[in-house]
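Notes follow once the structure below has been shown.
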Amino acid sequence: MTTQTKSTQGGEFLIKETDAQDIFIPAEFTEEQRMMAQACQDFIDTEITPRAQEIDSMKDPDLVPSIFKKAGELGLLGISVPEEYGGMGMSFNTSMLIADIIGAAGSFSTTYGAHTGIGTLPILYYGTEEQKKKYLPKLATGEWAACYCLTEPDAGSDANSGKTKATLSEDGKTYLLNGQKMWISNAGFADLFIVFAKIEDDKNLTAFIVEKSYGGITMNEEEKKMGIKGSSTRQVFFNDCPVPVENMLSDRQNGFKIAVNILNIGRVKLGAGVLGGVRTVTSHAINYANERKQFGVSISSFGAIKSKLAEMATKSYAAEALCYRAGQDIENKINALEVGGMDANEAKLKGVEAFAIECAIAKVQCSEVLDYVVDQGVQIYGGMGYSADAPMERAYRDARISRIYEGTNEINRMLMVGMLLKRAMKGEINIFDPAMAVSKELISVPSFETIDTSELFAAEKEVLKKLKKVFLMVGGKAAMTLQDKIEDEQEIMMNLADVMIEIYASESAILRTEKLVSMKGEEACKNQIAMAQIYLSEAVDKINVAAKEAIGSFTKGDEQKVMLMGLKRFTKSELYNTKELRRQVADYMIDQGKYPF
């Protein structure tokens with residue numbers, strides 16, 4: 001394998017090694033970025049946390065809009081909007097950081113994300129200069145709120161099958177929109193709607209910028225939801241809603257492309273957007289475990305509780321690592337494209353598109369880490385965790401939506417594998433030659449190389465190399481055997497996705513720790529080293545299970561035996577004393593009284 005550099009392409013982590021110095025880690029945020037994050041945290045502590053139950057009750061319809069406008073006054077809504085349009089024009093990874101902090105804001109994080117992401121970015125990236133000048137300043141300052149109208153009753157994951165129609169008026173000046181949209185976040189107080197509809201018998205959607213003042217827009221009452229209760233969610237009906245022809249967004253039939261590209265951004269931002277919640281829930285659990293006494297001692301002294309706390313931290317640590325690694329890779333790609341002469345907004349879209357695989361990984365992994373953390377948080381609280389008066393109950397309910405919106409995790413799993421295979425077929429990424437090399441290795445006599453274990457993570461990096469061979473072995477054989485039918489084998493696609501996710505997450509945790517050690521020294525990072533080792537140990541087992549299931553799905557006889565022998569060879573790793581490693585990590589957390597990493 002060759003060493004991956006800053007000019008890497010999305011998905012290449014599977015066939016290349018990455019140098020720890022080439023990734024970004026949270027410890028590298030600048031003072032300015034940290035000040036912005038602190039301002040965001042202060043906003044949450046002042047405006048949201050004290051009124052969390054009031055927000056969720058939705059008794060005061062003006063409460064969330066008023067908080068939203070305060071966020072605009074602080075500049076939090078314009079992080080990604082260029083200064084010439086009233087925003088702050090900050091970097092991609094800075095916008096990831098703010099999404100991360102806002103993740104602790106409960107249902108308001110959905111309000112925020114829907115506006116700043118899918119509500120604003122379509123205009124920023126696809127709008128004409130006139131559209132940008134007219135709308136972006138209002139959106140960046142919070143004068144106007146935005147929502148995104150894509151989903152319909154019969155068009156969820158299959159978004160391009162939407163039935164909403166746009167008909168050109170006789171005078172050719174307006175399009176009349178007719179149709180129904182559902183699950184529209186912010187709809188109850190939005191001033192601007194990004195609406196997707198089909199013109200005549202077009203195959204693909206077209207996007208429109210629709211002002212509420214145009215008329216012809218009605219809504220159902222607020223949806224009664226399991227979680228994120230304080231976010232506005234309504235069905236929206238368009239009844240001969242007149243939209244000026246100049247408010248078509250981009251070109252006719254380009255709406256589906258807009259939706260896909262904006263969702264790529266939404267996915268990686270959602271990955272970052274759960275991190276604040278993960279850390280907050282973990283801190284609550286640590287505090288409660290320290291305060292709650294049973295059998296005369298704090299329950300934080302019990303091994304079972306320590307194991308849970310350490311596992312919560314370990315998964316969170318790896319999730320942070322992969323999110324900011326992906327965010328910086330996207331930013332590096334954007335910068336390279338701009339240097340090459342590409343328009344800034346086009347560069348942003350292409351930069352994100354280049355790492356669409358990693359965006360999907362971030363969305364899936366981080367949303368599932370959030371679900372794990374809130375579930376364990378409820379368990380640590382015990383009976384109190386089930387009470388609506390404790391913070392875990394709301395966190396548990398709010399977390400569940402993260403595995404559904406921005407594309408379900410099942411869809412994202414299949415997308416990440418499908419994208420990789422399509423890029424390989426186009427020659428954009430060479431996975432077939434490495435896969436063939438692994439196939440030849442299966443029938444050769446294994447070589448035994450001595451690893452210099454005096455070097456930090458030398459053994460772990462050898463394990464990672466072999467785990468990548470697992471994907472190449474199984475994925476390559478599946479692609480060759482099933483060919484164009486592989487996308488119909490969704491179970492195998494899901495297995496391959498799980499292997500990809502665990503490789504990316506475990507490698508990200510190790511690289512993050514390696515770089516942190518280069519900055520602070522081994523002794524100062526002993527708990528981070530422990531978490532990286534715990535995560536890798538678990539990843540090996542998960543990859544073994546997923547790969548074995550896939551192998552059993554499409555191979556037989558001697559071919560199957562050879563692959564199973566290869567799997568056994570490639571998933572050999574050092575046996576860590578994970579019990580002691582978890583106790584070490586947990587003891588530090590318990591002493592700090594919060595998530596301290």
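Note that this is a predicted model, so its numbers are computed, not measured.
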### Query
Do side-chain atoms of Asn160 reach the backbone of Leu205 as a donor and acceptor pair under 3.5 angstrom?
yes

### Query
Can you list the residues that meet the ring-ring contact (aromatic ring centres under 6.0 Å, His included) rule with Tyr324, with sequence neighbours excluded?
Phe29

#### Entry: Salt-bridge criterion met for Lys315 and Glu311 (N-O under 4.0 Å)
yes

### Task
Mark yes or no: Lys466 above the aromatic ring of Phe570, with NZ or CZ under 6.0 Å from the six-membered ring centre and no more than 45 degrees from the axis.
no

### Task
Flag the pair Glu507 and Arg325 as a salt bridge only when some basic side-chain nitrogen lies within less than 4.0 angstrom of an acidic carboxylate oxygen.
yes

### Shortest non-hydrogen contact from Pro434 toward Ile15
CG-CG2, 3.9 Å

### Message
One thing to verify: whether Arg512 and Glu320 come together as a salt bridge, which I'm taking to mean a side-chain N less than 4.0 angstrom from a carboxylate O.
### Response
yes

### Expected output: side-chain Asp343 to main-chain Asn345 donor-acceptor under 3.5 Å
yes

### Query
Would you say the side chains of Tyr396 and Asp371 form a donor-acceptor pair under 3.5 Å?
no

### Query
Can you name the side chain to side chain contact (heavy atoms under 4.5 Å, CB included) partners of Lys163, sequence neighbours left out?
Glu152, Asp154

### Message
With heavy-atom distances below 4.5 Å as the criterion, would you say the side chains of Asp19 and Leu511 are in contact?
### Response
no

### Query
Do Lys269's NZ or CZ and the ring of Phe92 fall within the cation-pi criteria of under 6.0 Å and 45°?
yes

### Message
Could you check whether any side-chain heavy atom of Ile258 comes within less than 4.5 Å of a side-chain heavy atom of Ser250, counting everything from C-beta outward?
### Response
yes

### Message
Can you tell whether the side chains of Glu368 and Arg413 come within less than 4.0 Å, N to carboxylate O?
### Response
yes

### Message
Let me confirm one number: the CD1-CG distance from Ile357 to Asn412, rounded to the nearest 0.5 Å.
### Response
12.0 Å

### Task
Test Glu489 against Ser553 for side-chain hydrogen bond (donor to acceptor under 3.5 Å, both in side chains), laying out the working first.
CA-CA 9 Å; Glu489 298 291 341; Ser553 299; over 6 Å; no

### Message
Could you tell me if Asn332 and Asn335 have a donor-acceptor pair between their side chains, going purely by distance under 3.5 Å?
### Response
no

### Query
Can you check whether Phe196 reaches Tyr148 side chain to side chain, under 4.5 Å on heavy atoms?
yes

### Query
Which residues satisfy the side chain to side chain contact (heavy atoms under 4.5 Å, CB included) test with Ala27, sequence neighbours excluded?
Ile25, Leu516, Met519

### Query
Got a donor-acceptor contact below 3.5 angstrom from the Arg403 side chain to the Val364 backbone?
no

### Message
Assess whether a salt bridge exists between Glu523 and Lys526, defined as any Lys/Arg side-chain N lying under 4.0 Å from an Asp/Glu carboxylate O.
### Response
yes

### Query
Who passes ring-ring contact (aromatic ring centres under 6.0 Å, His included) against Tyr595, sequence neighbours left out?
Phe597

### Message
Just checking Gln379: does its CD atom have more than 12 heavy atoms from other residues, nucleotides or ligands closer to it than 6.0 angstrom?
### Response
no

### Summary
For Ser402 and Asn409 the tightest heavy-atom approach is O-OD1, 4.2 Å

#### Entry: Donor-acceptor under 3.5 Å (Thr408 side chain, Ile404 main chain)
no

### Query
How about Leu536 and Leu467: do any of their side-chain heavy atoms sit closer than 4.5 Å?
yes

### Query
Less than 4.5 Å apart, any side-chain heavy atom of Ser316 and any of Leu275?
no

### Query
Sub-3.5 Å donor-acceptor pair from the side chain of Asn430 to the main-chain atoms of Asp433, do we have one?
yes

### Query
Would you find a donor on one side and an acceptor on the other, under 3.5 Å apart, between the side chain of Ser506 and the backbone of Ile503?
yes

### Query
Taking everything shown except Lys350 itself, do over 12 heavy atoms lie less than 6.0 Å from its NZ?
no

### Query
Sub-3.5 Å donor-acceptor pair from the side chain of Thr120 to the main-chain atoms of Gly117, do we have one?
no

### Query
Between atom CG of Leu472 and atom CD of Glu441, what is the distance when rounded to the nearest 0.5 Å?
10.5 Å

#### Entry: Backbone of Gly11 reached by a side-chain donor or acceptor of Glu358 within 3.5 Å
yes

#### Entry: Trace of the side-chain contact (heavy atoms from CB on, under 4.5 Å) decision for Val517 with Gln528
CA-CA 9 Å; Val517 167; Gln528 288 89 339; over 6 Å; no

### Task
Starting at CD of Glu428, measure out to CD of Glu12 and round the result to the nearest 0.5 Å.
10.5 Å

### Side chain to side chain, Gln490 and Glu410, heavy atoms closer than 4.5 Å
no

#### Entry: Spacing of CD1 belonging to Ile431 relative to CG belonging to Leu421, to within rounding of 0.5 Å
5.5 Å

#### Entry: Sub-4.5 Å side-chain heavy-atom contact between Leu456 and Ile529
yes

### Task
Report the C-alpha separation of Glu538 and Arg582 in whole Å, then their side-chain angles, then the decisive distance to 0.1 Å, and conclude whether the salt bridge (charged side-chain N to carboxylate O under 4.0 Å, His left out) test is met.
CA-CA 12 Å; Glu538 294 172 348; Arg582 288 194 188 96; 2.7 Å; yes

### Query
Out of curiosity, Ile228 CD1 to Asp398 CG, how far, rounded to the nearest 0.5 Å?
7.0 Å

### Query
If we only count heavy atoms from C-beta on, is the Arg279 to Ile101 side-chain gap below 4.5 Å?
yes

### Worked check of side-chain contact (heavy atoms from CB on, under 4.5 Å) between Ile501 and Asp498
CA-CA 5 Å; Ile501 291 167; Asp498 285 341; 4.3 Å; yes

### Message
Quick one: does any side-chain atom of Gln253 pair with a main-chain N or O of Asn204 as donor and acceptor, under 3.5 Å?
### Response
yes

### Query
What distance separates Lys579 NZ from Gln584 CD, expressed to the nearest 0.5 Å?
13.0 Å

### Task
Please assess Lys461 against Glu17 for the test salt bridge (charged side-chain N to carboxylate O under 4.0 Å, His left out), listing each intermediate value before the final yes or no.
CA-CA 9 Å; Lys461 288 183 178 180; Glu17 290 185 77; over 6 Å; no

### Query
Do we see a donor-acceptor contact under 3.5 Å between the side chains of Asn93 and Glu331?
no

### Flag for Thr513-Tyr317: side-chain donor and acceptor within less than 3.5 Å
yes

### Query
ring pair (Phe, Tyr, Trp, His ring centres under 6.0 Å): which pairs involve residues 478-535, sequence neighbours left out?
Phe13-Tyr504

### Task
Mind checking ring-ring contact (aromatic ring centres under 6.0 Å, His included) for Phe554 and listing every partner two or more places apart, or none if nothing turns up?
none

### Task
Output yes when a side-chain donor or acceptor of Ser537 lies under 3.5 Å from a complementary backbone atom of Gln533, and no otherwise.
no

